[in-house]
Amino acid sequence: MITNPPQATTKPAGEHLDSGLRPGSIGLGGTLMQSIAQISPTLGIFYTIAFTSGQAGATAPLTYLAAFLVCLVISVPMLGLARHLPSAGGFYTYVSAGIGPKAGFMTGWLYAVMVTVVPAALAAFTGAVLQDELAGKYGIGLPWWIYSTAILVICFACAYRGIVISIKFLVVMTVFEMAVGLGLAVTGIFNPGTGGVNFDGFNPANVQNPSGFFLAIVLSIFAFTGFESAAAVGEESRDPKRIVPKAIIGSLVLIGIFYVVTAWGLQIGWGTNDVEALAASPTAPAFVLADRLWSGASVLVLIALVNSGLGVCIACTTSATRTIYGIARTGALPQFLARTQPKHRTPVTAVYVQSAIALTVCLAVGLPLGPYNLFNMLGTTGTFVYIPIFILMNIAAFLYFRRKHPEEFNIWAHVAAPVVSTLALLTIAYNSIVPLPAYPVIFAPFLALAYVLLGAAVLFGRNLRPGHRGWMARAGELPDVD
């Protein structure tokens with residue numbers, strides 16, 4: 001059974017939107033865990049440390065610190081928008097209120113499509129890790145796609161049942177995985193490899209390859225993405241105007257500390273005089289270190305990685321379904337996508353659609369392409385999608401506070417920070433495509449362009465047709481939540 005929200009195109013402009021979600025369901029802790037889980041802490045560090053060490057050598061920990069500072073700058077304009085515009089639409093609402101509904105639709109569309117398909121890539125990757133580790137160490141020969149399907153089914157169940165059960169899953173899984181990551185890092189610090197305990201990794205003078213160091217920062221920046229997802233659950237949180245900004249900045253600070261300490265501890269435990277071997281390790285360095293430092297207990301790392309993969313899939317499913325719901329509620333997407341289940345108050349049709357797309361992409365593309373190739377391709381596509389989203393958000397923040405809240409307009413928050421982060425994002429975009437990456441990642445920028453073209457087709461082919469433009473008056477409006 002489902003319920004329909006009021007027709008978006010018939011309600012007079014200026015009235016608030018009705019929220020069919022369950023307000024007040026989660027507090028600061030749950031909202032914080034939504035952002036942290038979508039960042040995916042242990043996957044973010046355990047599977048980037050080899051690359052960053054290969055590019056930046058012993059100064060890999062410094063790349064995470066630099067990336068953390070860049071992301072803090074990116075978050076500055078977002079915090080003000082989140083405080084004033086707590087809506088499940090997230091970027092759709094922000095950019096619509098600041099720039100206009102057309103730009104808002106394209107921004108919301110890009111974010112919704114990206115977080116809809118990302119679980120396919122992450123479920124495939126997690127399934128492949130399980131297949132490799134369980135087959136290699138325990139002789140369990142199940143194929144990766146069975147594990148991946150199970151992960152996506154769990155995501156569907158959590159999304160269908162409601163935000164409370166999803167957040168409970170995220171709290172338990174995220175706390176455990178971060179405890180494993182920090183535990184392994186601290187063990188490495190107390191049991192250092194060749195080179196001993198040192199702070200050379202934080203000394204810029206030790207950068208040997210500036211180009212490689214920059215590329216490592218690029219990857220590290222996008223290991224932080226996901227902090228913005230607290231906005232997607234704003235309507236279901238208590239006091240969203242206060243909680244959502246705190247969750248955004250809190251997740252960044254906690255993950256920044258986690259990444260920097262864990263990267264440093266992993267390198268110390270491996271041995272800073274042998275960083276080349278860490279970078280070239282055919283097995284994820286965390287597994288190697290856990291077997292050496294924890295007497296073969298790499299199974300704890302495997303459990304943490306599975307937790308991380310499942311957690312980010314649940315968080316992305318929540319972000320995708322809430323964003324789709326927020327856009328459809330205004331009429332910018334078909335109205336059936338804004339239907340909610342009356343018992344659990346979840347956007348049930350959006351949940352069905354997102355889950356079906358994720359499972360289809362995971363199997364139909366992952367089986368012929370391979371799970372790791374699917375992960376690398378869609379993960380890099382997400383990088384290209386995030387860049388225009390953040391840039392449009394920067395412009396929206398400047399215009400929104402300049403026009404609608406001039407008393408709060410701030411040169412640092414609404415001019416300097418957006419300009420600095422936009423320049424950084426454009427630099428990242430250039431260095432991500434020059435030279436073009438290898439197969440299959442070379443398809444990533446073209447996939448991102450396909451997302452844009454498909455969104456433009458919906459915008460001009462459906463939303464801007466005569467008689468279908470009522471959504472434009474409501475795109476930047478807020479739901480009836482406190």
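Remember, predicted model here, so these are calculated numbers, not experimental data.
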Search all heavy atoms of [X] against all heavy atoms of [Y] and return the closest pair with its distance.
{"X": "Leu32", "Y": "Ser251", "result": "CD1-N, 3.3 Å"}
{"X": "Leu142", "Y": "Ile146", "result": "CD2-CD1, 4.1 Å"}
{"X": "Tyr325", "Y": "Glu235", "result": "CE2-OE1, 4.4 Å"}
{"X": "Ala120", "Y": "Leu374", "result": "O-CD2, 4.0 Å"}
{"X": "Tyr94", "Y": "Leu85", "result": "CE2-O, 3.3 Å"}
{"X": "Ile217", "Y": "Ala66", "result": "CD1-CB, 3.9 Å"}

Donor-acceptor pair, [X] side chain versus [Y] backbone, under 3.5 Å?
{"X": "Thr346", "Y": "Tyr160", "result": "yes"}
{"X": "Ser148", "Y": "Ala123", "result": "yes"}
{"X": "Ser96", "Y": "Thr93", "result": "no"}
{"X": "Thr272", "Y": "Ala58", "result": "no"}
{"X": "Arg322", "Y": "Gly234", "result": "no"}
{"X": "Thr52", "Y": "Ile49", "result": "yes"}

List the atom pairs, donor and acceptor, that lie under 3.5 Å between side-chain atoms in residues 386-398 and the rest of the protein, sequence neighbours left out.
unit_1: Tyr386; atom_1: OH; unit_2: Glu228; atom_2: OE2; d: 2.8
unit_1: Asn394; atom_1: ND2; unit_2: Phe390; atom_2: O; d: 3.4
unit_1: Asn394; atom_1: ND2; unit_2: Pro418; atom_2: O; d: 3.4
unit_1: Asn394; atom_1: ND2; unit_2: Ser421; atom_2: OG; d: 2.9
unit_1: Asn394; atom_1: ND2; unit_2: Thr422; atom_2: OG1; d: 2.9

Sub-4.5 Å side-chain heavy-atom contact between [X] and [Y]:
{"X": "Thr48", "Y": "Leu43", "result": "no"}
{"X": "Leu310", "Y": "Cys155", "result": "yes"}
{"X": "Ile167", "Y": "Gln34", "result": "yes"}

Name all residues meeting the ring-ring contact (aromatic ring centres under 6.0 Å, His included) criterion together with [X]; count only those two or more places apart in sequence or in a different chain, and write none if there are none.
{"X": "Tyr138", "value": "none"}
{"X": "Tyr64", "value": "Tyr259"}
{"X": "Phe176", "value": "none"}
{"X": "Phe443", "value": "Tyr439"}

> Can you name the residues that form a side chain to side chain donor-acceptor pair (under 3.5 Å) with Glu177, not counting sequence neighbours?
Replying inline: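 Side chain to side chain donor-acceptor pair (under 3.5 Å) list for Glu177, sorted by chain: Thr42, Ser308.
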
> What pairs with Tyr451 under side chain to side chain donor-acceptor pair (under 3.5 Å), at least two apart in sequence or on another chain?
Replying inline: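 Here no residue qualifies.
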
> Partners of Arg242 by salt bridge (charged side-chain N to carboxylate O under 4.0 Å, His left out), sequence neighbours excluded?
Replying inline: Asp239

>> Run the salt bridge (charged side-chain N to carboxylate O under 4.0 Å, His left out) test against Asp291 and tell me which residues pass, sequence neighbours left out.
In response: Lys137

>> I'd like to check the side-chain contact (heavy atoms from CB on, under 4.5 Å) partners of Asn191; sequence neighbours left out, ordered by chain and number.
In response: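 Checked Asn191 against side-chain contact (heavy atoms from CB on, under 4.5 Å); matches are Thr187, Leu293.
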
>> Test: ring pair (Phe, Tyr, Trp, His ring centres under 6.0 Å). Region: residues 350-381. Which pairs qualify, not counting sequence neighbours?
In response: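 Qualifying pairs: Phe125-Tyr372, Phe125-Phe375, Phe156-Tyr352.
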
>> Quick test of your reading: applying ring pair (Phe, Tyr, Trp, His ring centres under 6.0 Å), list the pairs with at least one residue in residues 265-291, sequence neighbours left out, ordered by first then second residue.
In response: none

>> Go through it in stages, so that I can follow the logic: the residues are Val233 and Ile26, the test is side chain to side chain contact (heavy atoms under 4.5 Å, CB included), and I'd like the CA-CA distance, side-chain angles, deciding distance and then a yes or no.
In response: CA-CA 9 Å; Val233 297; Ile26 57 175; 3.9 Å; yes

> In a check of side chain to side chain contact (heavy atoms under 4.5 Å, CB included) between Leu378 and each of Leu447, Leu369, Val441, which one passes?
Replying inline: Leu447

